[in-house]
Amino acid sequence: MILGGHPEYYNRFGFLPASQYGLKWLDGSELDAFLALELENGYLGNDGGSWELPEIFNTLVNEEAFNLFQEQFLKNGV
C-alpha cells in the first residue's frame with residue numbers, strides 16, 4: 001500500500017485504489033491517492049479494514065518539506 005500524490009502514475013504499475021479491496025484511509029475515507037498492489041492474487045481479499053501508519057511516521061514527516069516536494073514534483077511532471 002502507498003499513498004501516492006498521483007494515482008495515474010502508480011496505476012501503470014498495477015496499483016489500484018485501496019477501496020477496491022475494501023480498505024479505507026486512516027479516517028475511514030476512500031482517499032483517491034491511497035493505493036494498493038496485491039503481490040499475490042486474492043491476498044487482500046475484500047474483507048475491508050483501515051490502514052494505520054506507525055507512530056514513528058508522524059514524527060518523521062515535516063509538512064512544510066513535504067509540501068515543497070509536492071510542488072516541485074508537480075512542476076516537473078509525472
Side-chain angles (χ1 to χ4, degrees):
M1 287 172 266
I2 61 170
L3 180 61
H6 299 279
E8 63 279 359
Y9 175 79
Y10 296 101
N11 289 147
R12 64 179 127 174
F13 301 108
F15 284 89
L16 299 173
S19 60
Q20 289 190 9
Y21 299 105
L23 300 169
K24 311 281 186 201
W25 187 238
L26 303 172
D27 62 2
S29 65
E30 293 184 6
L31 188 63
D32 289 342
F34 180 40
L35 306 168
L37 172 66
E38 281 189 314
L39 299 179
E40 183 177 319
N41 282 342
Y43 185 80
L44 292 176
N46 286 320
D47 293 334
S50 62
W51 185 49
E52 292 187 34
L53 298 171
E55 185 60 35
I56 189 70
F57 183 82
N58 295 325
T59 64
L60 297 175
V61 174
N62 175 311
E63 191 169 344
E64 186 177 329
F66 175 77
N67 289 334
L68 180 60
F69 172 82
Q70 280 290 89
E71 185 179 308
Q72 293 301 313
F73 187 81
L74 291 172
K75 283 182 185 177
N76 294 323
V78 175

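Position 1 is the first residue of the sequence, and the numbers go up from there. Because the structure is a prediction, the values reported are computed rather than measured.
Scored by the salt bridge (charged side-chain N to carboxylate O under 4.0 Å, His left out) test, Glu30 finds Lys24 as partners (sequence neighbours excluded). Under the side chain to side chain contact (heavy atoms under 4.5 Å, CB included) criterion, Leu37 pairs with Phe15, Leu39, sequence neighbours left out. Under the ring pair (Phe, Tyr, Trp, His ring centres under 6.0 Å) criterion, Phe13 pairs with Tyr9, sequence neighbours left out. Under the rule for a salt bridge (charged side-chain N to carboxylate O under 4.0 Å, His left out), Glu64 has no partner lying at least two apart in sequence or in another chain.
Between the OG atom in Ser19 and the CG atom in Asp32 there is a gap of 8.0 Å [rounded to 0.5 Å]. Distance CZ/Phe34 to CG/Leu23: 5.5 Å, rounded to 0.5 Å.
Pairing each heavy atom of Ala33 with each of Pro7, the nearest pair is CA-CG, 3.9 Å.
Remark: Asn11 CG is packed, more than 12 non-hydrogen atoms of other residues, nucleotides or ligands lying under 6.0 Å away.
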